[in-house]
Protein chains: 2
Amino acid sequence: MSERRPRRRRDPDRTREDILEAAREVLAEDGKEGLSVARVAQRAGVNRGTAYQHFQTREQLIEATVEWVGDKLFEAVFGDPDEAKDQPVENISVEDVNDQLASFAMENPALGRVWLLEVLSSRRPAKDPFWRQYKSNFEKFAQTSFAQPGMDAEVLSVLILAGSFIWPVWARAHARSAKEREKMLKRFTREILRLSLHGTLRPEKYRELDTRVMRDLRKKR
Amino acid sequence: MSERRPRRRRDPDRTREDILEAAREVLAEDGKEGLSVARVAQRAGVNRGTAYQHFQTREQLIEATVEWVGDKLFEAVFGDPDEAKDQPVENISVEDVNDQLASFAMENPALGRVWLLEVLSSRRPAKDPFWRQYKSNFEKFAQTSFAQPGMDAEVLSVLILAGSFIWPVWARAHARSAKEREKMLKRFTREILRLSLHGTLRPEKYRELDTRVMRDLRKKR
DNA sequence: CTACAAATCAACACCGCTGTTCACTATGAG
DNA sequence: CTCATAGTGAACAGCGGTGTTGATTTGTAG
């Protein structure tokens, strides 16, 4: 036991990447609380001291990992950042965005959950590129004639994000085959679509409720 | 320092309650990961050994606390369990249920989040009275003529629960005055209602999408 | 009023983690 | 070649945690 590793080739960038990669793995397996610098360093095949050289504290290591997740999420949902930034809303398919989002969540359940809570509870959520883009897309879309009137884009952003990242918990995305995950994913995306198109209540059966909600609408913001 | 407390009066039930109460406080303040038997025992004014007598492990202490939250949540949303169990669905107001749920989540943000994740990831979620009732309500409702056709009640249950308990994170429910919480709560419940009634997309603008979703509907389950 | 099971408690043994420091070694860039 | 620096290893001081054990007290049943 306790094989002595040969010394790493000197390559700070590579080393940093290795540490981050290991951090992702640990985070994905055991969540934020399971992550210790010691474990990450071991998994990365790096001396603990070296890890502390690259990330001053455990918190910073987590932060850097979450940042990485945010970037990947952006890429998965909106594609190349440079092109995506200034796409007009009309070019963006509501359906595709939600599908990609839900798919990412299903394939990276633990990582995604950590990202979600970290970003939503952060002091400056707008720092995260994905959140910024996602929310602003929703807001712009709400202005178009394709959208139902009176939407609260912020609430909807949180709702769909929360649903997308929590659904894999219920679906037991870890511990399932790719095929089963695919099936659960489909169920989710289909229902989001159906909900988006028709809601859950038949408005004609809720006249009173409907007028009340829509009246509130006018006086607010 | 290190005042020596006088030995506790012998009263196992009371002691157990004190421990659970302290556990709730700790959980509410610092979440699942902040909970240690040591802290709970100290806060409860109980020897750590005593705590271990009542709850064999940290996990079991958490489990018991989550159970308590489930009960409270049930009570807050559905009222007295004995009466609620066999209410016909028609007597239950969709609006009220969602309002009470969101309100509970807003007033018990950390506790609620722990409950949500614990229940959804548990091996036997149906053990939790609230989840069981909530989901089955949704399923029964989906069968009525008040509901839009083709709803996936399970997806919707997870979606709304997730939204209700994650919204307070975004809303920074801790660290806000009662008045501000109330305002954020209103925004959420209103939007849920609006969404339930009208969705987000104008169906007439999404004919193709609509027919596709509804076609899928027929062949599935 | 006594016996006894159960409740309470202090102390024990042990773990893993954080963050720091320091001396040493290898290495790639210039 | 040389030298700043990445990487290593080891040790330290400290913290807070988990479970366990055996002695001690105490309510209560008989």
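Each chain gets a letter, A, B and so on, in the order its sequence line appears, and its residues count up from 1.
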Whole-Å distance between [N] [atom2] and [X] [atom1]?
| X | N | atom1 | atom2 | value |
| --- | --- | --- | --- | --- |
| B:E17 | C:dA7 | CD | P | 15 Å |
| A:R43 | C:dC17 | CZ | P | 13 Å |
| A:Q60 | C:dG19 | CD | C1' | 12 Å |
| B:R16 | C:dA6 | CZ | P | 16 Å |
| B:Q42 | D:dC15 | CD | P | 15 Å |
| B:D11 | C:dA6 | CG | C1' | 13 Å |
| A:E33 | C:dG16 | CD | C1' | 16 Å |
| A:F55 | C:dT18 | CZ | P | 14 Å |

B:R9 or B:Y52, whichever maps to the more 5' nucleotide of DNA chain D
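Residue closer to the 5' terminus by nearest nucleotide: B:Y52.
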Please compare A:R14 and B:E59 by the position of their nearest nucleotide in DNA chain D and report the one closer to 5'.
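Nearest-nucleotide comparison on DNA chain D picks A:R14.
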Which nucleotide, [options], lies nearest any side-chain atom of [X]?
| X | options | result |
| --- | --- | --- |
| B:R7 | C:dA7, D:dA6, C:dT18 | C:dA7 |
| B:V46 | D:dT8, C:dG19, C:dC9 | C:dC9 |
| B:A38 | D:dT18, C:dT18, D:dG7 | D:dT18 |

Can you tell me if [X] and [Y] form a side-chain donor-acceptor pair at under 3.5 Å?
| X | Y | answer |
| --- | --- | --- |
| A:D128 | A:W115 | yes |
| B:Q53 | B:T50 | no |
| B:E180 | B:S177 | yes |

So what does A:R48 touch, heavy atoms closer than 4.0 Å: a base, only the sugar-phosphate, or nothing?
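Since a base atom lies under 4.0 Å of A:R48, the category is base.
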Would you say a side-chain N or O of [X] is under 4.0 Å from OP1 or OP2 of [N]?
| X | N | value |
| --- | --- | --- |
| B:T15 | C:dA7 | no |
| A:N47 | D:dG7 | no |
| A:H54 | D:dG7 | yes |
| B:T50 | C:dC9 | yes |

Look at the side chain of A:R58 against the base of C:dT18 and say whether a donor-acceptor pair falls under 3.5 Å; ignore hydrogens and angles.
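Result: no qualifying N/O pair found.
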Could you check whether the side chain of A:R8 and the base of D:dT8 have a donor-acceptor pair of N or O atoms closer than 3.5 Å, going by distance alone?
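No, no donor-acceptor pair under 3.5 Å.
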On the 0 to 90° scale, with breaks at 30° and 60°, tag the A:F138-A:Y134 ring pair as parallel, tilted or perpendicular.
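Rings of A:F138 and A:Y134: perpendicular, over 60°.
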Whether B:F74 and B:F130 hold their rings parallel, tilted or perpendicular, with breakpoints at 30° and 60°
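It falls in the perpendicular class, over 60°.
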Toward the 5' end of DNA chain C, which comes first, A:R39 or B:Q53, by nearest nucleotide?
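Mapping each residue to its closest nucleotide by heavy atoms, the 5'-most match is B:Q53.
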Could you state the interatomic distance from NE2 (B:H174) to CG (B:N108), rounded to the nearest 0.5 Å?
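If I round to the nearest 0.5 Å, the distance is 14.5 Å.
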